[in-house]
Structure formats: C-alpha cells, structure tokens
Protein chains: 2
Amino acid sequence: MKSKKEQIFEVSARLFRKRGYVGTSMRDIAKGVGVEAASLYNHIKSKQEILHELLFDVAGRFTTGMDEISDSSLNPLQKLEKLISLHVRLAVEHTDAVSIIIGEWVHLEEAAKNEYTGLRDTYEEKFKAIIQDCISEGHFKQVNPEIALFSILSTLRWLYSWYSRNREISSVELEKQMIECLLVGLKK
Amino acid sequence: MKSKKEQIFEVSARLFRKRGYVGTSMRDIAKGVGVEAASLYNHIKSKQEILHELLFDVAGRFTTGMDEISDSSLNPLQKLEKLISLHVRLAVEHTDAVSIIIGEWVHLEEAAKNEYTGLRDTYEEKFKAIIQDCISEGHFKQVNPEIALFSILSTLRWLYSWYSRNREISSVELEKQMIECLLVGLKK
DNA sequence: AAACAATGCTAACAATTGTTAGTTTTGTAA
DNA sequence: TTACAAAACTAACAATTGTTAGCATTGTTT
C-alpha cells in the first residue's frame, strides 16, 4: 500500500507533466490526492520539495545506471546498447518523472538547478566518452562526436513522449529498433 | 526599426523560453520592453494572444516548408535532406520560438491547443510518408517507420537547444553532420 | 495653434498563489 | 477508557496574477 507521501509525489508528477510546475497549484495536487491543500504540509515541506524529490530521484537512476555501464568491462558499442536499454527502461517505468526531468528542471531554485545541470553535464560527458571510444576503436565512422552524442541523446530523451502515445509496442522490440536506427543507421 | 508589438513578441519569446509561459508575468514582459504592464494592452489583446502568435507563426513556417518539400519532384531521400535543412534553418533563425513550440504549446487554451496538435499530427504524417517512400523505393532498410520518424524528429526538435550551446559551428556544417548521423548511420 | 489618435501612466479590481496558525478528527498504544 | 501522535480541517495571510478604467502625455495632421 502506498503512503500518502508517495501518493502526493505520484499525483504531482502527473500534474507537473500535464500543466507544468508553475501551472500546477497546491490545491490541484490536493484535489488529486483527495485532501485539502493545507493538509499536504503534514507530509511535505514545500511545493519546491516535491519538484526536487521527483527530479533528483530519477536523475539518480540515470547517473547510477551510467556509472555501472561506464565502469563495466564491456566494449564501447555494447555500452551504448546498454545505455539505450537504460533509457528505454526508465522511460517506460517512470514516464512522468522523466518528462519532468526534461521540461521542468528550470523551475528548481538556483542552488538545486546548478546541482542538476552539473549532474546532467557529467552524464553527457561520460556518454560522449563512450561514443569517442566507439570511433577510436573503429566501431564508428569518423563523425563529429558532439553531434553524434546530441543525435542519440535527443532521441533517447524524447522516448517518454513517444512511449506514452504508443503503448502497444514491447519495450524489448522498442529497444531493438532504437539500436537499429540510432547505431546501425537507416541507409541500405 | 522594430515596432513595439514586435518588441513585445521578442521579449516574450525570450522570457517564455527561460521561465515558461506560466512562469512569466505581464510585468516581467513589461520590464523587458521598458514600459508599465498596463501599457502592453495598447498593443496586444491578452497574454494568451502572445503565446498564440509566437507559436502559430513558427508552426506556419514548418508546415509551409513541409508542403513545399512534400509537393516537390525530389526523390524521398532528397526530401529528407531538405527537411533536415528546414529544421536547421528555423532552429538557427528562430531559436526562442522553436523552443516555445516544443515546450509551451500545452498552455494554449483548449481550442488553439487542438488546432496546434492537429497541425503537428499532419506534419508528422507527411514526414512519415516520406520515410516510408525511402523504404519502399529501396533507399532505407526495412525499419519500423514510426520509430525511424520518431528518431529523426526528436533529434531535429532538440536542435534549438543544442545550437544555443554550440554557436561556433556553421549551420552548413551542422546540416552535413546531421545528414550523416541521422540518415547514413554511425556504424562503419 | 487646434484637433486627434496613439501610447503611456497610476490606481485599482477580483482571483489565485504558497503557506501558516489554530483546531478538530482519526487511529493506535497504554 | 485514556492518552497521544498523526493527519485532517477551516480560516486566514500577504503576495502576485491578468486585466480594466480613467487620465496624462506624446507626436502627427489639419
């Protein structure tokens, strides 16, 4: 059974995704939970805390996943496949939270925002390093690694959006197709 | 010389991008323009009108561009290249507005929101048709066209964000690299 | 100079915001 | 049953929101 605090986070994630952080009032959240707005404060400290919790929880899952993959003994191409798998899994399991991490981090208060962008930059750096390894070890052509990173990452970031519109595809199939499109290429 | 109305749209685009539509007040916009909030209403009808104008202006540029390319006599692969070129150009020339089209359309009021999603769906359908032509005419492998569409489009949508962080690259070079990554593929 | 419209200003409005204080209800342990 | 803590409620707060009304200033046309 879910605790009230968890309920609040769940409802908030759904509403933040639909109307944004600023566009969602504490009274909206309260209504979703089935309680008066003031009662929320028996469980949480502030509205900002909700955003912070939602965002850093899923950010942590990404960075943990990245570290495991990055530190593994797989070859760089296999690492990329694992990263795609990570993104697919998190997009499927935490659709709303992933949506928020992408669109609503700007509404974190200054200190938390800096912390978040730091995490994100580190994540992107590690991602890029793996792509560069793919190039130097001869798996990839001599493409601009920045642009390859950007191309892959933006697709992975959008996964949550696409997945919520096309639930019928299995995540295994989705993963396979993503590898084909992103890593192998479309051209015959 | 820019009219006051154009100034308002310009400032609004910048602020909407930074803090979102709901997170930007009319007083914020007024300060950016150098005027009192009430004075804005000599030039515009409402805050919603600003969002509507910004959004549908750039949406129109996308649909016009798509129609020209779609109706042309180019082969489907050339059409895709033209589409990439279109997205690069609009991301460079209208960075803020493109950002808004992606993140803030949810704050359109109901009727306009439906109109917008209609435009977007049509756009995506035409995009997908071109990809399907690429497959059936033998330019592309037998990939899932939905996923190929999604992969390409999400990268193109994220262009504005990447471009604002990496201004030094020329848009010609950017375009070339995008074609390589998105259409040809990374694998050696 | 007189007349005019365009555009600015101040002041105010009703509604909504996040949050707090104080009190009552609920559920559990003694 | 009594006692106590958890969690709900009502009421209210100061601030901010988009917008309007009414008036002053500006610049242009007669």
Side-chain angles (χ1 to χ4, degrees), chain A residues 1-56 96 100 103-113 116, chain B residues 1-56 96 100 103-113 116:
Chain A
M1 192 181 100
K2 269 169 289 191
S3 77
K4 203 116 236 181
K5 195 165 182 175
E6 285 170 326
Q7 272 185 61
I8 293 174
F9 287 139
E10 213 175 288
V11 169
S12 299
R14 181 162 39 83
L15 293 179
F16 287 178
R17 180 181 177 188
K18 193 170 180 192
R19 312 184 219 169
Y21 174 73
V22 190
T24 303
S25 74
M26 293 303 279
R27 286 162 182 84
D28 293 333
I29 297 171
K31 187 173 288 179
V33 177
V35 97
E36 290 298 318
S39 306
L40 297 174
Y41 290 86
N42 287 318
H43 307 278
I44 52 129
K45 213 169 89 276
S46 66
K47 188 187 180 188
Q48 177 73 205
E49 191 203 33
I50 303 178
L51 180 64
H52 190 282
E53 170 76 17
L54 287 174
L55 222 136
F56 279 85
D96 290 333
I100 291 164
E104 303 297 318
W105 62 270
V106 288
H107 298 114
L108 286 172
E109 52 188 25
E110 207 55 20
K113 185 156 66 178
Y116 170 76
Chain B
M1 194 180 99
K2 271 169 287 193
S3 77
K4 204 117 236 179
K5 194 164 183 175
E6 285 170 326
Q7 270 185 64
I8 294 173
F9 287 138
E10 212 174 290
V11 169
S12 299
R14 182 162 38 84
L15 292 178
F16 288 177
R17 180 180 177 188
K18 193 170 181 190
R19 311 183 219 169
Y21 175 72
V22 190
T24 303
S25 74
M26 294 302 279
R27 285 162 182 83
D28 293 333
I29 298 171
K31 189 173 285 179
V33 177
V35 98
E36 289 299 318
S39 306
L40 296 174
Y41 290 85
N42 287 319
H43 306 279
I44 53 129
K45 210 170 91 279
S46 66
K47 189 188 180 188
Q48 179 72 205
E49 190 202 35
I50 302 178
L51 181 63
H52 191 282
E53 169 77 18
L54 287 173
L55 223 136
F56 280 84
D96 290 332
I100 292 165
E104 303 298 318
W105 63 269
V106 288
H107 298 113
L108 286 172
E109 52 188 26
E110 209 55 20
K113 187 156 65 179
Y116 170 77

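Note: hydrogens, waters and symmetry copies are ignored here, and every other heavy atom, side chains too, is used. To find a chain, count down the sequence lines: A is the first, B the second, and so on, and within it residues start at 1.
- Taking atom CD of A/Glu36 as the reference point, atom C1' of D/dA8 lies 9 Å away to the nearest angstrom.
- For B/Val35, the side-chain atoms get nearest to C/dG8 when compared with the rest of C/dG8, D/dG18, C/dT19.
- Each of A/Phe16, A/Tyr21, A/Trp105 was evaluated against A/Leu55; a single residue qualifies, A/Trp105, per the side-chain contact (heavy atoms from CB on, under 4.5 Å) test.
- Shown here is B/Glu109, whose CD atom has no more than 12 heavy atoms of other residues, nucleotides or ligands within 6.0 Å.
- Regarding A/Arg19, its CZ atom lies at a distance of 14 Å from the C1' atom of C/dT17, rounded to whole Å.
- Protein atom CG of B/Asp28 is 14 Å distant from nucleotide atom P of D/dT19, rounded to whole Å.
- The side chain of A/Lys4 places no N or O atom within less than 4.0 Å of a non-bridging phosphate oxygen (OP1 or OP2) of D/dA6.
- Using a 4.5 Å heavy-atom threshold, the side chains of B/Met26 and B/Ile44 count as touching.
- If you check C/dG8, C/dT19, C/dT20 against the side chain of A/Ala38, the one that comes closest is C/dT20.
- One N or O donor and one acceptor, one from the side chain of A/Asn42 and one from the base of D/dA8, sit under 3.5 Å apart.
- The nearest whole Å value for the distance from the CZ atom in A/Arg27 to the C1' atom in D/dT16 is 13 Å.
- Inspection of the B/Ser25 and B/Asp28 side chains reveals an N or O donor paired with an N or O acceptor under 3.5 Å.
- Regarding contacts with the backbone of C/dT17, every side-chain N or O of A/Lys47 stays at 4.0 angstrom or more from both OP1 and OP2.
- Rounded to whole Å, the distance from CD on B/Glu49 to P on D/dG18 is 15 Å.
- The side chain of A/His43 places an N or O atom within less than 4.0 Å of a non-bridging phosphate oxygen (OP1 or OP2) of D/dA8.
- Within the structure, a side-chain polar atom (N or O) of A/Ser25 is placed less than 4.0 Å from OP1 or OP2 of C/dT17.
- A sub-4.0 Å separation between OP1 or OP2 of C/dT7 and a side-chain N or O of B/Ser39 is absent.
- Distance, B/Leu40 CG to D/dT20 C1': 14 Å, rounded to whole Å.
- Here the C1' atom of nucleotide D/dC9 and the NZ atom of A/Lys31 are 17 Å apart, to the nearest Å.
- Counting heavy atoms from C-beta on, the side chains of B/Leu40 and B/Ile50 never come closer than 4.5 Å.
- Computed from coordinates, the A/Tyr41 OH to D/dA7 P distance equals 17 Å when rounded to whole Å.
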